[in-house]
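Read through the structure below, which is laid out as C-alpha coordinates, and then see the notes.
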Amino acid sequence: PAPGMESLPEAVLIQILASIPAVDLVMACRLVCCKWKNLVDGAALWILKCQQEGLTRAESDAENWQNFYFLSKKRKNLIKNPCGEEDLEHWGEVENGGDGWKIEELPGDFGKEFPSEEVHKYFVTSYEWCRKAQVIDLRAEGYWEELMDTTQPKIMVRDWYAGRSDAGCLYELCVKLLSENEDVLAEYKSETVTIPQDNDASWTEISHTFSNYGPGVCFVRFEHGGQDTLFWKGWYGVRITNSSVTVEP
(Lines give C-alpha, C1' and ligand atoms only; values in the text may rest on other atoms or scores of the structure.)
Protein backbone atom coordinates (compact mmCIF):
# COMPACT_ATOMS: atom_id res chain seq x y z
CA PRO A 1 0.00 0.00 0.00
CA ALA A 2 1.08 3.60 -0.57
CA PRO A 3 2.65 5.30 2.46
CA GLY A 4 0.14 7.31 4.54
CA MET A 5 0.46 10.56 6.43
CA GLU A 6 2.00 8.73 9.37
CA SER A 7 5.15 8.29 7.26
CA LEU A 8 5.62 12.04 6.77
CA PRO A 9 8.41 13.79 8.68
CA GLU A 10 7.11 15.41 11.85
CA ALA A 11 7.94 18.92 10.64
CA VAL A 12 5.88 18.40 7.48
CA LEU A 13 2.96 16.95 9.44
CA ILE A 14 3.00 19.96 11.76
CA GLN A 15 2.83 22.26 8.70
CA ILE A 16 -0.23 20.37 7.45
CA LEU A 17 -1.96 20.31 10.84
CA ALA A 18 -1.34 24.04 11.31
CA SER A 19 -3.68 24.72 8.38
CA ILE A 20 -6.58 23.05 10.20
CA PRO A 21 -8.93 25.15 12.42
CA ALA A 22 -7.89 25.03 16.07
CA VAL A 23 -11.16 23.57 17.36
CA ASP A 24 -10.92 20.71 14.85
CA LEU A 25 -7.35 20.03 15.95
CA VAL A 26 -8.43 19.57 19.56
CA MET A 27 -11.80 17.89 18.98
CA ALA A 28 -10.96 15.61 16.03
CA CYS A 29 -7.32 15.43 14.92
CA ARG A 30 -6.09 14.80 18.44
CA LEU A 31 -8.11 11.57 18.51
CA VAL A 32 -6.68 10.07 15.29
CA CYS A 33 -3.61 8.38 16.78
CA CYS A 34 -0.96 8.74 19.49
CA LYS A 35 1.40 10.61 17.15
CA TRP A 36 -1.22 13.21 16.24
CA LYS A 37 -2.27 13.53 19.89
CA ASN A 38 1.32 14.26 20.91
CA LEU A 39 1.67 16.88 18.16
CA VAL A 40 -1.60 18.60 19.07
CA ASP A 41 -0.63 18.59 22.75
CA GLY A 42 2.88 19.83 22.01
CA ALA A 43 4.22 23.36 21.66
CA ALA A 44 5.58 23.33 18.08
CA LEU A 45 2.20 23.18 16.34
CA TRP A 46 0.73 26.03 18.39
CA ILE A 47 3.86 28.18 18.09
CA LEU A 48 3.49 27.85 14.32
CA LYS A 49 -0.24 28.72 14.41
CA CYS A 50 0.53 31.77 16.58
CA GLN A 51 3.21 32.88 14.10
CA GLN A 52 0.86 32.40 11.15
CA GLU A 53 -1.83 34.53 12.79
CA GLY A 54 0.43 37.22 14.24
CA LEU A 55 -0.04 36.25 17.89
CA THR A 56 3.29 37.14 19.47
CA ARG A 57 4.74 36.19 22.81
CA ALA A 58 8.25 35.70 24.16
CA GLU A 59 8.97 31.97 24.16
CA SER A 60 10.43 32.27 27.65
CA ASP A 61 6.99 33.48 28.85
CA ALA A 62 5.02 30.62 27.35
CA GLU A 63 4.03 27.69 29.48
CA ASN A 64 1.19 26.36 27.35
CA TRP A 65 1.10 27.58 23.77
CA GLN A 66 -2.26 25.94 23.08
CA ASN A 67 -3.90 27.89 25.90
CA PHE A 68 -2.11 31.06 24.79
CA TYR A 69 -3.50 30.61 21.27
CA PHE A 70 -7.09 30.09 22.42
CA LEU A 71 -6.96 32.93 24.98
CA SER A 72 -5.51 35.31 22.38
CA LYS A 73 -8.21 34.43 19.85
CA LYS A 74 -10.96 34.82 22.44
CA ARG A 75 -9.63 38.06 23.92
CA LYS A 76 -12.43 40.61 23.93
CA ASN A 77 -14.28 42.90 26.29
CA LEU A 78 -16.74 40.71 28.18
CA ILE A 79 -18.75 43.74 29.41
CA LYS A 80 -21.74 44.31 27.18
CA ASN A 81 -22.86 47.86 26.40
CA PRO A 82 -19.86 49.46 28.16
CA CYS A 83 -20.52 53.01 26.92
CA GLY A 84 -24.31 53.37 27.07
CA GLU A 85 -24.91 52.96 23.34
CA GLU A 86 -27.82 50.63 24.22
CA ASP A 87 -29.19 52.71 27.09
CA LEU A 88 -29.05 50.47 30.22
CA GLU A 89 -29.35 47.20 28.29
CA HIS A 90 -27.37 44.30 29.86
CA TRP A 91 -26.93 46.14 33.16
CA GLY A 92 -28.80 44.56 36.07
CA GLU A 93 -29.27 45.18 39.78
CA VAL A 94 -29.70 48.84 38.93
CA GLU A 95 -30.01 51.36 41.78
CA ASN A 96 -31.52 54.61 40.55
CA GLY A 97 -30.96 57.07 43.38
CA GLY A 98 -32.03 60.68 42.93
CA ASP A 99 -33.15 61.12 39.34
CA GLY A 100 -31.49 57.82 38.40
CA TRP A 101 -29.00 56.93 35.67
CA LYS A 102 -28.88 58.90 32.45
CA ILE A 103 -26.87 58.46 29.23
CA GLU A 104 -25.31 61.58 27.70
CA GLU A 105 -23.22 62.41 24.65
CA LEU A 106 -19.56 63.28 25.11
CA PRO A 107 -18.16 65.69 26.15
CA GLY A 108 -21.32 66.82 28.00
CA ASP A 109 -21.83 70.08 29.90
CA PHE A 110 -18.70 71.19 31.74
CA GLY A 111 -16.96 68.02 30.53
CA LYS A 112 -14.01 66.90 28.42
CA GLU A 113 -13.70 64.62 25.43
CA PHE A 114 -12.75 61.00 26.14
CA PRO A 115 -9.15 59.94 25.28
CA SER A 116 -10.44 57.51 22.62
CA GLU A 117 -12.43 58.76 19.63
CA GLU A 118 -14.28 55.41 19.59
CA VAL A 119 -16.21 56.33 22.76
CA HIS A 120 -19.19 58.63 22.19
CA LYS A 121 -21.41 58.31 25.28
CA TYR A 122 -21.23 57.86 29.04
CA PHE A 123 -23.46 56.96 31.98
CA VAL A 124 -24.03 59.73 34.53
CA THR A 125 -25.30 59.54 38.12
CA SER A 126 -27.58 61.75 40.15
CA TYR A 127 -27.82 63.28 43.65
CA GLU A 128 -28.22 59.96 45.48
CA TRP A 129 -26.29 56.73 44.93
CA CYS A 130 -26.70 55.13 41.52
CA ARG A 131 -25.25 51.64 41.04
CA LYS A 132 -25.40 49.03 38.29
CA ALA A 133 -23.84 45.61 37.73
CA GLN A 134 -23.16 42.87 35.20
CA VAL A 135 -22.45 39.22 35.91
CA ILE A 136 -20.26 37.52 33.28
CA ASP A 137 -20.62 33.76 32.83
CA LEU A 138 -17.10 32.67 31.85
CA ARG A 139 -18.15 29.22 30.61
CA ALA A 140 -20.82 30.76 28.38
CA GLU A 141 -18.08 33.03 26.96
CA GLY A 142 -15.98 29.97 26.06
CA TYR A 143 -13.54 29.80 28.98
CA TRP A 144 -13.74 26.15 29.96
CA GLU A 145 -13.36 24.90 33.53
CA GLU A 146 -9.96 23.20 33.14
CA LEU A 147 -8.48 26.33 31.56
CA MET A 148 -9.65 28.59 34.38
CA ASP A 149 -8.67 26.14 37.13
CA THR A 150 -5.27 25.08 35.79
CA THR A 151 -3.93 28.00 33.78
CA GLN A 152 -5.70 30.68 35.85
CA PRO A 153 -5.26 33.36 33.19
CA LYS A 154 -5.14 36.93 34.42
CA ILE A 155 -8.50 38.70 34.55
CA MET A 156 -8.08 42.41 33.83
CA VAL A 157 -10.72 44.90 34.97
CA ARG A 158 -10.82 48.52 33.80
CA ASP A 159 -13.21 51.43 34.20
CA TRP A 160 -13.14 55.16 33.37
CA TYR A 161 -14.73 57.93 35.42
CA ALA A 162 -14.87 61.74 35.42
CA GLY A 163 -16.66 64.57 37.14
CA ARG A 164 -18.05 67.71 35.56
CA SER A 165 -16.01 70.78 36.37
CA ASP A 166 -18.83 72.61 38.18
CA ALA A 167 -19.78 69.82 40.63
CA GLY A 168 -18.13 67.41 43.04
CA CYS A 169 -18.93 63.70 43.01
CA LEU A 170 -18.13 60.23 44.36
CA TYR A 171 -17.20 57.02 42.50
CA GLU A 172 -16.80 53.35 43.50
CA LEU A 173 -15.89 50.10 41.73
CA CYS A 174 -16.33 46.58 43.12
CA VAL A 175 -15.50 43.39 41.18
CA LYS A 176 -15.89 39.85 42.51
CA LEU A 177 -14.83 36.45 41.13
CA LEU A 178 -17.55 33.95 41.97
CA SER A 179 -17.81 30.16 42.10
CA GLU A 180 -20.58 28.13 40.50
CA ASN A 181 -22.56 28.59 43.73
CA GLU A 182 -21.71 32.33 43.69
CA ASP A 183 -19.31 32.14 46.64
CA VAL A 184 -16.78 35.00 46.53
CA LEU A 185 -13.34 33.60 45.62
CA ALA A 186 -11.59 36.95 45.10
CA GLU A 187 -12.66 40.58 45.35
CA TYR A 188 -11.40 44.03 44.40
CA LYS A 189 -13.07 47.08 45.93
CA SER A 190 -11.80 50.54 45.19
CA GLU A 191 -11.76 53.25 47.77
CA THR A 192 -14.58 55.77 47.48
CA VAL A 193 -13.02 58.26 45.07
CA THR A 194 -13.94 61.87 45.84
CA ILE A 195 -13.75 64.39 43.00
CA PRO A 196 -13.95 67.98 44.27
CA GLN A 197 -16.04 70.77 42.83
CA ASP A 198 -14.06 72.93 40.38
CA ASN A 199 -12.14 69.87 39.11
CA ASP A 200 -10.73 69.80 35.57
CA ALA A 201 -13.29 67.21 34.33
CA SER A 202 -10.53 64.94 33.00
CA TRP A 203 -11.15 61.23 32.54
CA THR A 204 -9.33 58.81 34.87
CA GLU A 205 -8.79 55.08 34.31
CA ILE A 206 -8.97 52.66 37.23
CA SER A 207 -7.78 49.07 36.78
CA HIS A 208 -7.12 45.85 38.66
CA THR A 209 -5.66 42.49 37.62
CA PHE A 210 -6.78 39.25 39.26
CA SER A 211 -4.13 36.48 39.24
CA ASN A 212 -3.45 33.29 41.23
CA TYR A 213 -7.09 33.33 42.32
CA GLY A 214 -7.40 29.56 42.75
CA PRO A 215 -9.74 27.02 41.15
CA GLY A 216 -13.50 27.27 40.80
CA VAL A 217 -14.01 30.70 39.20
CA CYS A 218 -17.14 30.63 37.01
CA PHE A 219 -18.48 34.21 37.10
CA VAL A 220 -17.20 37.78 37.26
CA ARG A 221 -19.52 40.27 38.94
CA PHE A 222 -18.72 43.88 37.96
CA GLU A 223 -20.41 46.74 39.84
CA HIS A 224 -19.79 50.49 39.79
CA GLY A 225 -21.59 53.67 40.68
CA GLY A 226 -21.54 57.05 42.34
CA GLN A 227 -23.38 60.29 42.99
CA ASP A 228 -22.81 64.03 43.19
CA THR A 229 -21.81 65.66 46.47
CA LEU A 230 -23.90 68.82 46.09
CA PHE A 231 -27.30 67.08 45.97
CA TRP A 232 -28.35 69.10 42.96
CA LYS A 233 -31.46 67.82 41.17
CA GLY A 234 -30.58 66.32 37.82
CA TRP A 235 -27.38 64.63 36.69
CA TYR A 236 -24.33 66.26 38.26
CA GLY A 237 -22.76 63.06 39.61
CA VAL A 238 -19.85 60.97 38.38
CA ARG A 239 -19.68 60.03 34.71
CA ILE A 240 -18.65 56.47 33.79
CA THR A 241 -17.82 54.81 30.47
CA ASN A 242 -15.68 52.27 28.58
CA SER A 243 -15.86 49.62 31.30
CA SER A 244 -14.08 46.37 30.46
CA VAL A 245 -13.32 42.86 31.72
CA THR A 246 -10.84 40.81 29.70
CA VAL A 247 -9.26 37.40 30.18
CA GLU A 248 -5.62 37.91 29.26
CA PRO A 249 -3.42 35.41 27.35
Side-chain angles (χ1 to χ4, degrees), residues 63-64 67-68 70-84 86-98 100-101 122-126 128-162 169-195 203-227 229 237-249:
E63 295 182 2
N64 187 316
N67 284 350
F68 171 74
F70 278 105
L71 286 169
S72 297
K73 296 291 285 186
K74 285 182 175 296
R75 189 177 184 277
K76 64 176 182 177
N77 185 4
L78 300 176
I79 292 285
K80 296 178 174 62
N81 186 26
C83 304
E86 302 173 72
D87 198 48
L88 286 169
E89 189 73 23
H90 304 297
W91 292 97
E93 303 177 53
V94 177
E95 181 178 345
N96 281 307
W101 287 97
Y122 57 83
F123 303 93
V124 59
T125 59
S126 191
E128 290 178 353
W129 271 97
C130 297
R131 290 183 175 89
K132 57 187 176 70
Q134 274 192 45
V135 177
I136 298 162
D137 183 338
L138 293 171
R139 291 178 188 171
E141 295 292 345
Y143 298 97
W144 59 97
E145 184 176 353
E146 183 183 357
L147 174 70
M148 298 305 300
D149 288 354
T150 305
T151 305
Q152 292 183 38
K154 293 179 180 177
I155 299 174
M156 175 73 78
V157 177
R158 296 184 179 91
D159 206 15
W160 288 82
Y161 64 88
C169 59
L170 305 175
Y171 165 83
E172 287 182 358
L173 171 67
C174 180
V175 185
K176 299 176 181 179
L177 305 186
L178 305 176
S179 71
E180 189 168 14
N181 297 322
E182 300 190 5
D183 298 320
V184 179
L185 303 179
E187 180 177 6
Y188 168 74
K189 194 176 191 317
S190 73
E191 62 180 359
T192 301
V193 178
T194 302
I195 301 175
W203 286 93
T204 299
E205 183 184 40
I206 184 171
S207 66
H208 177 75
T209 302
F210 290 98
S211 60
N212 301 318
Y213 39 77
V217 172
C218 295
F219 304 98
V220 180
R221 185 183 185 279
F222 181 103
E223 178 187 299
H224 59 190
Q227 69 171 92
T229 53
V238 72
R239 298 166 170 185
I240 305 173
T241 196
N242 207 37
S243 311
S244 66
V245 173
T246 54
V247 180
E248 299 291 318

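Small disclaimer: the values here were computed from a predicted structure and weren't measured. Residue numbers start at 1 and run along the sequence shown.
Checked by atom type and distance alone, the side chain of N242 never pairs as donor or acceptor with a backbone atom of D159 at under 3.5 Å. For W91 (side chain) and N81 (main-chain N/O), a donor-acceptor pair under 3.5 Å exists by modelled atom type. With N181 contributing its side chain and D183 its backbone, the two residues share no donor-acceptor pair below 3.5 Å. Between the Q227 side chain and the T125 main chain, no donor and acceptor come within less than 3.5 Å of each other. Put simply, the side chain of Q134 gets close to the backbone of K80: a donor and an acceptor are under 3.5 Å apart.
Scanning for ring pair (Phe, Tyr, Trp, His ring centres under 6.0 Å) contacts around F70 gives W46, W144, with sequence neighbours left out. Residues satisfying the ring pair (Phe, Tyr, Trp, His ring centres under 6.0 Å) test with Y188, not counting sequence neighbours, are H208.
Among pairs with a residue in residues 147-158, those fulfilling salt bridge (Lys or Arg N to Asp or Glu O under 4.0 Å) read R158-E205, at least two apart in sequence or across chains.
A salt bridge is defined here as a Lys NZ or Arg NE, NH1 or NH2 lying under 4.0 Å from an Asp or Glu carboxylate O, and E172 with R131 meets this definition. A salt bridge does not link K189 to E187: none of the charged nitrogens lies less than 4.0 Å from a carboxylate oxygen. One finds no salt bridge joining R221 and E182 here, because no Lys/Arg side-chain nitrogen approaches an Asp/Glu carboxylate oxygen to under 4.0 Å.
Between W101 and F123, the angle of the ring planes goes over 60°, which puts this pair in the perpendicular group of the 30/60° scheme.
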